[in-house]
Amino acid sequence: MSSILFVFSRPPHGSINAQEGLDALLMGSAFTTCSVLFVGDGLMQLVSGQSTDDLGTKNFSLSFGALKDYGVTGIACSEPDLVARGLNKDDFLIEVETLNAAGMQAFIRNHDKVLNF
Amino acid sequence: MTSNPETDKEGFLRNTDDWNPAIAEHLAELDGVTLSEDHWEVIHLVRDYYENYRLFPANRVLVTKIREAFGESKGNSIHLMKLFTGKPLKHIAKIAGLPKPPNCD
Amino acid sequence: MNFAMVVHGAPYSSEACLSALKFARAVLESGHSINRVFFYHDGVHTANSLIAPPQDEAPISEQWQEFGIGNNIELIACIASCLRRGVMDETEANRYEKSGSNLASGFTISGLGQLIDASISADRVVTFGV
Amino acid sequence: MIVHTINKVSALGLCDNLVAEDDKIILLEDGVYLGLQSLPFSVFAIRCDVDARGLRGLLAAQTEVIDYDDFVHLCTEADKVCSWF
């Protein structure tokens, strides 16, 4: 069975890409092994303390907490992009593995398909 | 509280903020279901799950969560099908006052 | 070789929808097959039958319809994306108590499972994003 | 080998770490502007996008102009396709 790597590269809330990407990941987890890699401003999806009450949109960042229940265990982000944004893993809602360039290349190679969002 | 909350033609609350336990009883009765303790276990579980994760749990996730909370005898799809009518997840969402799921299963 | 395709862009708003069509045609012309084209995000606007571009611009939605129907290729518009953007078949319009439906022929509204299923079963999956 | 497609200039920043030595990059849509400069990768650009933008004579020597059937062929040669946008 093909494994799928989901790559998330958009920040949350400014567009619906992040939310619809997460929907696809949750659906994918019902079918096959799915992992997720956060790159670029996609890392900002994981920042904890997002509060959308005043914005008036759904705070889907909370849904990342359900990834474990859905069997998504391969959760990684780009280390260079983390550093470039002055973030560290403690800023995130969930446990995330950081990968350097070689690690990311291997992560992609280890999956059969890639879906980018 | 109103005894006749506004619902759409499928019986989903138009405004999920209208939900309260009495309305759940009312919505269930319209479908010929009397809510028992077993029903309430599931309703509270999915409402808590939604509150925590902004997600209605997928069937397999819901079954696992029920098994963890209420034991092996209840942790299966058959238990849910006995309690709720039609497509169980859709029916649970309706009675629990959670967003109407897209019609995609 | 069997391809799955994903289209994220709306016609005219971005080039993605047009690039995807060119790619899809080239896949078939090269003797390969396409198991499904999945329209997601703003890509579902492609399935809106009410699109009426100026006559001196390509009718991209109609070209997709012709491609899908003529080659018997499944064109799936994601239901959740469609509902957010007002693309509906009669069933959904009825379900959500809307005044009319607008799904173009050749397209089917279905769930995200179709994206995953197509991705898994194809040899290659190619996304046209925005 | 992985084929990476890039459809806008800013998307290069998302993937420049991830492109391995034997991978190939296909520039399409506004991504073809990246073909003006020399990049440390194997780079192809889609002909109709290049021509539409008047870039034919302006591309870096290393940027190879291809058609959609070449794009399809490169995908079949690759293990998988990764799209950056």
Side-chain angles (χ1 to χ4, degrees), chain C residues 1-43 45-46 56-58 60 63-64 67 71 73 81 115-116 118-130, chain D residues 1-16 18-20 22-35 43-56 63-85:
Chain C
M1 195 167 267
N2 192 234
F3 284 78
M5 292 177 55
V6 191
V7 183
H8 289 187
Y12 311 107
S13 301
S14 80
E15 207 186 318
C17 182
L18 187 58
S19 303
L21 181 60
K22 290 179 191 297
F23 185 85
R25 285 173 174 154
V27 167
L28 299 191
E29 281 161 13
S30 304
H32 301 292
S33 57
I34 298 170
N35 69 359
R36 186 173 293 147
V37 184
F38 191 83
F39 293 83
Y40 198 42
H41 293 301
D42 287 346
H45 288 298
T46 315
D56 57 353
E57 294 178 23
I60 300 171
Q63 289 174 351
W64 264 113
F67 177 82
N71 297 291
I73 286 169
S81 297
L115 165 64
I116 306 302
S119 304
I120 290 170
S121 56
D123 298 306
R124 300 287 180 274
V125 50
V126 184
T127 300
F128 292 83
V130 289
Chain D
M1 184 272 281
I2 296 172
V3 161
H4 300 266
T5 70
I6 300 181
N7 83 337
K8 59 174 65 73
V9 171
S10 60
L12 178 64
L14 294 171
C15 68
D16 52 1
L18 289 113
V19 180
D22 63 338
D23 289 353
K24 290 177 174 150
I25 288 185
I26 296 180
L27 306 174
L28 72 159
E29 303 170 8
D30 286 341
V32 295
Y33 290 115
L34 287 165
V43 179
F44 302 84
I46 297 290
R47 184 187 308 275
C48 58
D49 285 317
V50 169
D51 287 348
R53 291 162 179 79
L55 303 183
R56 186 59 84 84
T63 305
E64 189 177 334
V65 177
I66 59 169
D67 289 309
Y68 268 92
D69 53 347
D70 302 312
F71 182 179
V72 170
H73 184 69
L74 285 168
C75 292
T76 64
E77 286 186 335
D79 301 317
K80 63 192 72 108
V81 182
C82 199
S83 312
W84 303 97
F85 44 83

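Throughout, protein chains are lettered first and strands after them, A, B, ... in sequence-line order, and every chain is numbered starting at 1.
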Q: For chain D, find its close neighbours in residues 13-27 of chain C: heavy-atom separation under 4.5 Å, sorted by number, or none.
A: C/E15, C/A16, C/S19, C/K22, C/F23, C/A26, C/V27

(Q) Once side-chain hydrogen bond (donor to acceptor under 3.5 Å, both in side chains) is applied, do any residues pair with D/D70, and if so which ones, sequence neighbours excluded? (A) none

Q. Which atoms of D/C48 come close to chain C, meaning under 4.5 Å heavy atom to heavy atom: side chain ones, backbone ones, both, or neither?
A. side chain

Q) Quick one: which residues of residues 122-130 of chain C reach chain D at under 4.5 angstrom, heavy atoms only? A) C/R124, C/V125, C/V126, C/T127, C/F128, C/G129, C/V130

Q: With a 4.5 angstrom heavy-atom cut-off, could you sort out which part of D/D79 is near chain C: side chain, backbone, both or neither?
A: backbone

Q: Examine whether an atom of D/N7 lies under 4.5 Å from a heavy atom of chain C, and if so say whether it belongs to the side chain, the backbone or both; otherwise answer neither.
A: side chain

Q) Could you name the residues of residues 30-43 of chain C that have a heavy atom within less than 4.5 Å of a heavy atom in chain D? A) C/S30, C/H32

